[in-house]
Amino acid sequence: MKKEKKALDKGYDPKLVEEKWLEEWVKTKIFDPTFDPQKKPFSIVIPPPNVTGSLHIGHALNNTIQDVIARYKRMDGYDVLWIPGTDHAGIATQNVVERELAKEGYTRHQLGREKFLERVWQWKERYGQTIIKQLQRLGASCSWSYLRFTMDEGLSRAVREVFCRLFEEGLIYRGDYIINWCPRCETALADLEVEFEPKAGKLWYLIYPLVDGSGEIVVATTRPETMLGDTAVAVNPQDERYKNFIGKLVKLPLLGREIPVIGDLSVDPEFGTGAVKVTPAHDFADYEIAKRHGLPFLKVIDEKGRMTKEAGPYQGLDRFSARERVLEDLQAQGYLLKEEDYELVLGHCYRCGTVIEPLLSKQWFVRMKPLAQPAIAAVEYDFIKFYPENWKNLYFDWMRNIRDWCISRQIWWGHRIPIWYCQDCGKIMASREEEFSQCLECGSTNLKQEEDVLDTWFSSALWPFSTMGWPEKTDLLQRFYPTSVLVTSFDIIFFWVARMIMMGLHFMGAIPFAKVYIHALVRDEKGQKMSKSKGNVIDPLEMIEKYGTDALRFTLIALAAQGRDIKLSTSRIEGFKHFLNKLWNVSRFVLLNLEDFRGTRLNDYTWKGLALFSKWILAELDNTIGAVRKFLDEYEFDQAALRAYHFLWDTFCDWYVEIAKLYLQEEKLREQTQAILLHVLETTIKLLHPFIPFITEEIWHNLPKRAGKFLLNTSYPVVEGYSLSEDEKTLVNSIIEIIKAIRYIKSEYKLTSQRDLKVIFRTPDEGLLSNLKEKGKIITYLAKIDQIEFCKEKERKKGEVSLILNTGEVYVDLTKEINLEKEKERLLKEKQKIEEKLAQIEKKLKNRDFLERAPQEIVKKEKQTYQEYRERLAKIQRFLEDL
RNA sequence: GGGCGGAUAGCUCAGGGGGAGAGCAUCGGCCUUACAAGCCGGGGGUCAGAGGUUCAAAUCCUCUUCCGCCCACCA
C-alpha cells in the first residue's frame, strides 16, 4: 500500500509548477534519443530561429506543434530526436549589431571586418541563449544535447563541402547580372528577399528629340533619374506609330548623348506612349532588352544609392535628390511634357525596408534547374507529402519557374565564400579548408579569399543533414535521416522547404523529410501579419506570464485548424486556462477520495462486476482515445485537443464524477470506483500530456502507483475495446435524459431548491423499466429530488408538467399551484415546432424520388422519426388537455 | 494580370451532402463530497447574395459582392 500524497492545493498556479519540471526535464535529458535498437526512430529538425531573436507567437505555435508530435511519438514508443538550434541570420543579425555600433558612433567599416565580426560573435554569445531559454520555457522537448548553430564548426564545414561540390559540378557560377541591391545594407538580395508594396507615385512623360531634327519621341517613366543611364529607346516593332523611328538616333536630354531607337516585342504599345527608355543597368526588363540588342550598360547609381560619375553633373547626389534635380532641369529645358498620378509597386529590402535598387554587379549564383527537377519529382510521386495538401501546388508553381539563386551577399556576418583568387595567374579555386595557401595552377602564395559571404538560407538549406554531422557518416545520420516531419509555416516554403528538398536529394540522395506540415500564420485581429514595425504583436512570453505556458499552448493548438490562419485573442487563452483549472480540480477531487484506496487496478475487476456508469466512462474514454490518436496521426491537432477537452470536462467531470460521488458512498462499489476514477484520470492525463505537459506532469506525480520517472516515459493510451451492450446504452441514455428533464422543469419553474417533488417516469419499455428501478438513486441524486416513480401506465392527471423524452415521458406534480399559462405557452411552442418538423418530413415521405433514390437507411430513419414525432404530437395534445 | 483561402450566434472561430456547434459575452437560478476560474438551466443564427447539381445543399459546382494572402520585369 502506498502512502497517499498530500492533496493538491486549491486552484492551479502554473508559476509554481512549470519552472520546476522544466529544470527536471532538461537536467535529466529525457528528451535525448536513447538509440534503443528495439525502438523505431523518429526525428524532427527545428526551424532554427534567429540567434539573437526573441520568441514570438509564430515560434510559439510552430514549436508547440512540434512538441505535441515529439511527445506523442515518444510516449508511443519511438526513439525521438528533435534537433534544436539557431540560425545566424546574416543580414538581420548584422543589422542589429550595426545599430548597436551606431549608438556608439561607429560604422562597421570604421571598425573593420575582423573587429566587427568579433562584436557580432560577442553579441551572439550574449544573446544567443535567449531564444533557447524561451523555447524551453515553452516546454519544447528538444533533444538539448544536440543543440546546433548554423555557424558551428561542423555546420560550416558542411557549407564549404556543399559549395565546393556544387562549384566542381558547375552548378555554381559567378557573373555580371542585374540583381536586387539594398543601398542601406549594401548587399545583393535574392529575388525572394524583396518585398513589394504598392505606393502612390507619378508617371512622367519625357521628350527625346530625334538627332536628325525630324521630330521627337515621348517616353513615360516612373524613375526619371535613371534617364541619365539610358542607352536606347525601345518601341514595339509592330507599332505603326513608331515604325519609322527604329534605327534612328535620339538625343538624350540633359546629357546630350546620342542613343538609338530600337524595336523590341516586349514593349507594350498600350502603355504610356508606347515608347520606353532603356536603362540596362538599373531595370530588370531593360537589362533583358539590352542583352538582346547588345546595348551598353551604363551604371549611373552606385552601391550606396548615389549617382556615379556617369551621371555627369548629378554625380554624388542621392538617387532621390537626383530625381528632383533631373525633373527640375528637364522642366526648365522643356523636355518634361507632363506628369500623371500613377500607383507603382516598389521593391523593399525584407530586412530593413529600404527601396531596392536594381544594380548591375558581379555575384555568385546557383544553377537551380538541375537541382529542382528531382525535387519536383519527389513531391509529385508523394515521397514527400504536404499537409494540408494544397500547399504542394504553390511549391510546384515556384519550382517549375525557378530562377538561378543569387547566393553572394556583400555583408560580413555569415559563411565566407570558400573561393580563392590567385593574384598572379588569376586562377579561381574553391577550397574545403578554411585556409588556403598555394595556387594550384602556378604555386603562387599570393592568394586572396572572396570577400562576400553566403546567403543565410544557403546554410539553412543543409540543416536536416548538416545538423547530423554530414559530411561525416555519423550514427545520427544513419539512424535519423531522413527526418520524419518538418513543421513550418507557408511563408518560408520557397526560402527554406524547397531548398532543403533540393539539397537533401542532391547531397544525401534522399529526401530530407517525409512529411511537411504547414501550419497557419498567427495574425492580429485584422488578419494582418504580426510584426514589430506594425506594433501589433501579441507577445507569447507575456501570455505565459499571465496565463501559464500550458494555457497558451492549448489555445494555439486548439485554434490551429489546418489551412486557416489564426487570429488570436486573449479571451480564448483565458477560456482554456479555465480548462486547466478544471483539470487541476478534478484531480484534486480524485486524490481526496483516494485516502483509503488499497491500490487495486482495473484488472482486479471483471467487466460484469463494474457499476453501469463505470463501464460507460471506460467506453467513452475508449472512444476518446481512438479519436485523439486518429486526429494526431492526421495532424488535426485542434480536433485532437478539443476532443480530449470535451471528454474531460463534459463527460468525466459533469457526469461520471458526479455519479461517482454516489458510488463512493456504497461500500460495494467504493473501491472499484476509486480504481476507475484513478484510471480514467491517469489515462486522460497521458492523453493530454503532449498538449499541456506541465500541469499533467505535476498531477501525475501526485498520483499513487505510478510507474516511471516522468509522464513522458509512460505509454500513450491505446483503445481497449470497452463498450456497452445495447440495453446498457439505452439505460444510460434514459437516465441522462430523465435527469436533464427534471433539471429543466425545476429551473423553468424556479424550484431548484425544492426536493419534495413528485416525479414519475413512464415508459412502455418493460426491460428498461426494470433496469431503471435499480437506478433511481442516481437520478434523484443528480436531479436533486427525494424520489422518483417508474411505471408503464399512468393515469391522466390535471395540472402536471410533462416532458416527452426519447425513452418515455417525465411527469412532475409540482404540488404547489403552477403557472398554467406558462406551461401552456411552452407546450404550444413545442407543438408548433413538432408540427413544422412533421410537415418537413411529410414532404419528404410523399416524394417518390426520395423514397426510391435515397439510401434505405435514411428513408427508414425518416419514417421512424415521423412516427416518433406523430406520437409526440399526440402526447402534447393530451398534455394540453390535461392542463 | 494570375493563383489560393475566407464570409456560420454579439465577438473569436470549429464543422461540412440527410435533425445548426464551441469558447467568450448575455439572461435566470445555485456556495451542491474537487472547481464561483465553478455548477444547473435558458435565449440567440434565412450558415454573405444569386443560380445550378441532387430525392436532399450551410456543406458540391458556377457567378456576384466583400475581406485576406501569395506569385508576376507593364516602363
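It should be emphasised that the depicted structure is a prediction, and the values quoted were computed from it without experimental measurement. To find a chain, count down the sequence lines: A is the first, B the second, and so on, and within it residues start at 1.
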(message) Rounded to whole Å, please give me the gap between CD in E852(A) and C1' in A56(B).
(response) 15 Å

(message) So that I can tick it off, tell me whether R670(A) and D596(A) are bridged by a salt bridge, with the cut-off set at under 4.0 angstrom between side-chain N and carboxylate O.
(response) yes

(request) Go through the side-chain N and O atoms of Y350(A) and E195(A) and say whether any donor and acceptor fall under 3.5 Å apart. (result) no

(request) Please state the C1' separation for the pair U32(B) and C27(B) - nearest whole angstrom. (result) 22 Å

(request) Counting Watson-Crick and G-U wobble pairs whose two distances are both under 3.5 Å, find the runs of 3 or more in a row that involve RNA chain B. (result) B:1-7 with B:65-71, B:10-13 with B:21-24, B:26-30 with B:38-42, B:48-52 with B:60-64

(message) Taking only the P atom of each, what is the distance from U62(B) to G6(B) in whole angstrom?
(response) 13 Å

(message) Can you tell me which nucleotide in C69(B), C73(B), A75(B) comes closest to the side chain of R403(A)?
(response) C73(B)

(request) Starting from C1' on G15(B), measure out to CG on L559(A) and report it in whole angstrom. (result) 15 Å

(request) Go through A22(B), G18(B), A75(B) for me and flag the one nearest to the T222(A) side chain. (result) A75(B)

(message) Please classify the nucleic acid contact of F554(A) as base, sugar-phosphate, or nothing, using heavy-atom distances under 4.0 Å.
(response) nothing

(request) Would you classify N847(A) as touching base, sugar-phosphate or nothing, given that sugar-phosphate means primed atoms plus P, OP1 and OP2, and contacts are heavy atoms under 4.0 Å? (result) sugar-phosphate

(message) Distance check, P atoms only: C69(B) and C60(B), in whole angstrom units.
(response) 24 Å

(message) Students often get this wrong, so: under 4.0 angstrom with heavy atoms, is P358(A) touching a base, only sugar-phosphate, or nothing?
(response) nothing

(message) Using whole Å, what does the distance between atom P of nucleotide G15(B) and atom CD of E636(A) come to?
(response) 8 Å

(request) Please report, rounded to the nearest Å, how far the C1' atom of U12(B) is from the CZ atom of F576(A). (result) 11 Å

(message) With rounding to the closest Å, how many angstrom separate the P atoms on G45(B) and G21(B)?
(response) 13 Å

(message) Can you confirm whether the side chains of E340(A) and Y205(A) place a donor and an acceptor under 3.5 Å from each other?
(response) yes

(request) Measure from the side-chain heavy atoms of K784(A) and tell me the nearest of U32(B), A34(B), G19(B). (result) U32(B)

(message) Can you check the distance between G19(B) and G23(B), where both ends of the measurement are the P atom (answer in whole Å)?
(response) 23 Å

(message) Hydrogens and angles aside, do K277(A) and T226(A) bring a side-chain donor and acceptor to less than 3.5 Å of each other?
(response) yes

(request) Using heavy atoms to find the nearest nucleotide of RNA chain B for G272(A) and W584(A) separately, return the residue whose nucleotide is more 5′. (result) W584(A)

(message) Each nucleotide in nucleotides 37-42 of chain B should get exactly one letter: B, S or -. Can you fill that in based on protein heavy atoms under 4.0 Å?
(response) BSSSSS

(request) Starting at atom OH of Y395(A), determine the distance to atom P of C71(B), rounded to an integer number of angstrom. (result) 17 Å

(message) Rounded to whole Å, please give me the gap between CG in L337(A) and P in A75(B).
(response) 19 Å

(request) Answer yes or no: does a side-chain N or O of Y342(A) lie under 4.0 Å from OP1 or OP2 of C74(B)? (result) no

(message) Tell me whether R403(A) at atom CZ has more than 12 heavy atoms from other residues, nucleotides or ligands lying less than 6.0 Å away.
(response) no

(message) Suppose you measure atom C1' in C63(B) against the same atom in C24(B); what distance do you get, rounded to whole Å?
(response) 37 Å

(request) Check whether the side chains of Q840(A) and K837(A) place a donor and an acceptor atom closer than 3.5 Å, and report yes or no. (result) yes

(request) Apply ring pair (Phe, Tyr, Trp, His ring centres under 6.0 Å) to W398(A) and F494(A), showing your working. (result) CA-CA 7 Å; W398(A) 191 70; F494(A) 306 145; 4.7 Å; yes

(request) Let me know the distance between NZ of K863(A) and P of G19(B), rounded to the nearest Å. (result) 17 Å

(message) Quick check on RNA chain B: between V590(A) and D638(A), whose nearest nucleotide comes earlier from the 5' end?
(response) D638(A)

(request) Check every atom of G19(B), C73(B), A75(B) against the side chain of T865(A) and return the nucleotide holding the closest atom. (result) G19(B)

(request) Between G10(B) and C61(B), how far apart are the C1' atoms? Round to whole Å, please. (result) 33 Å

(request) Inspect the surroundings of CD in E825(A) and state if more than 12 heavy atoms from other residues, nucleotides or ligands are less than 6.0 Å away. (result) no

(request) Answer yes or no: does atom CZ of R755(A) have more than 12 heavy-atom neighbours from other residues, nucleotides or ligands under 6.0 Å? (result) yes

(message) Measure CG/L677(A) against P/C35(B) and give the value in whole Å, please.
(response) 16 Å

(message) Regarding K15(A) and D13(A), does a basic nitrogen lie under 4.0 Å from an acidic carboxylate oxygen?
(response) no

(request) Quote, to the nearest angstrom, the P distance that separates A48(B) from A36(B). (result) 40 Å

(request) Taking atom types as modelled, find out whether D404(A) and Y177(A) have a side-chain donor-acceptor pair closer than 3.5 angstrom. (result) no

